[in-house]
Amino acid sequence: MKINNLIPLVVLAVLLSLPYSTLSIPGVFDGAVNTPGSLQLLALCLLFAGLAVGYDLLFGRLGLMSFGHALYVAIGAYSAELAMKDMHLPLAAAAVLAIAIGAAVSTLLGAVSLKGVGKLGSENLGTVGFAMVTLAFAQAGSILVGRDPKTTGGEEGLPLSTEKVPAAFVGVVNTVNLYWLALAYLVVVCGVVWWLTGSRVGRVWQAVRDNERRAEVLGLNPFRYQLGAFVLAGTLGAAGGVVHLLVTAGATPGTTTTDFTLALLVMVVLGGSGTRWGPVLGGVLYTLLDHRLGAVATSNSVASLPAVLRIPLSQPLVLLGVLFVLVVYAVPGGLAALPNRLRRRRRPG
């Protein structure tokens, strides 16, 4: 068996063992790995890794920069919560309904976005137009959520309807089950995306990304393949929204914002877009840094610094931005490209 085929199995084995590990990693986790707080953070890392893999399906595999991916995550979270709260559906039925809604909405909005962009006649204009159209749809969704406190809870969001959720997913003592759920989501997303990218569909995606006009001349239908990827990404995003609802115990308006999508974009670029492991690495690292740098920003060490240093260092986003710029300049192609770059440097001549 090739070593590249063994890597996913080794990674999965490590992830399966973490809930049983009493290892302490100071600066990364507040307690042992198997404590509820650490497992909660790890569940978020795995969840965002899965969301990043789904987003990279558009950005890395087809070169489509969507600024509206958060919309589908929000659809999954809010639809599932409202189905449990207002329709009194159990979690399983609410999740299926939320994912179906995400698939339907992504089909409609994807067709509108891609068809409208195709009429611009220029590849560059089409790329910008697609980004702007998806941004417009996402902003509309964010406004609707924020301005409807009766239905969506407005700026406060909606708490999880725990009476409709199995007891295994409720309470601090069951945090480990949320970890298993997030891990299952990541495995499913990676399995689907990696399988498709290695198939004929993936080769067509690459051809469309490299030269859409040439692919069309060869008898392919770029729109059909782009729409299929858009719907799949939106559906996986909606499923991730349901997991996000459970892991964070509520549907929050933060999942509807452009900042949420930009965070996914940063994860993908940080790890390496269009690669197998890049979005996974970027999602895990970004989420860890986002939480750990928040603690650093409010620490006594930063508070004792002169104002010229204290003010920027007390902003986690500033620290994340600096680290992101350093990685982009130091490691073009993202973290996933680092091993190959090191191997090339070691070769003589």
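Scope of the values below: all heavy atoms of this structure, side chains included, with no hydrogens, waters or symmetry mates. Since we're looking at a predicted model, the values are computed, not measured.
With no hydrogens or angles considered, no side-chain donor-acceptor pair links T287 and D290 at under 3.5 Å.
Residues satisfying the ring-ring contact (aromatic ring centres under 6.0 Å, His included) criterion with Y225, sequence neighbours excluded, are absent altogether.
Checked against F260 for a ring-ring contact (aromatic ring centres under 6.0 Å, His included), the options F48, Y55, Y72 give a single hit: F48.
Hydrophobic cluster membership differs between F137 and I143, with clusters built from Ile, Leu, Val, Met, Phe, Trp and Tyr side chains linked at under 4.5 angstrom. Two different hydrophobic clusters hold V242 and L264 under the rule that ILVMFWY side chains link at heavy-atom gaps under 4.5 Å. If you chain together hydrophobic residues whose side chains sit under 4.5 Å apart, V231 and W195 fall into the same group.
Between T197 atom OG1 and Q206 atom CD the span is 10.0 Å, to the nearest 0.5 Å.
The side chain to side chain donor-acceptor pair (under 3.5 Å) pairs that include a residue from residues 251-270 are Q139-T258, S142-T256, where partners are two or more places apart or lie in different chains.
Looking only at distances, a side-chain donor or acceptor of T152 sits under 3.5 Å from a matching main-chain atom of D148. In this structure, T134 contributes its side chain and A131 its backbone to a donor-acceptor pair below 3.5 Å. Side-chain atoms of R209 never come within 3.5 Å of backbone atoms of G63 as a donor-acceptor pair (strictly under, hydrogens ignored). The backbone N or O of G274 lies less than 3.5 Å from a partner atom in the side chain of D56, making a donor-acceptor pair. In this structure a side-chain-to-backbone donor-acceptor pair under 3.5 Å is present from T248 to G250.
Between G54 and V189, the closest heavy-atom pair is N-CG1, 4.0 Å.
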- Query: Under the side-chain contact (heavy atoms from CB on, under 4.5 Å) criterion, do L178 and L39 qualify, and how do the steps go?
  - Reply: CA-CA 8 Å; L178 296 176; L39 289 174; over 6 Å; no
- Message: Please evaluate residues M65 and F67 with respect to the criterion side-chain contact (heavy atoms from CB on, under 4.5 Å), reporting the C-alpha separation (whole Å), side-chain torsions for both, the decisive distance (0.1 Å), and the verdict.
- Response: CA-CA 7 Å; M65 183 179 288; F67 284 141; 3.6 Å; yes
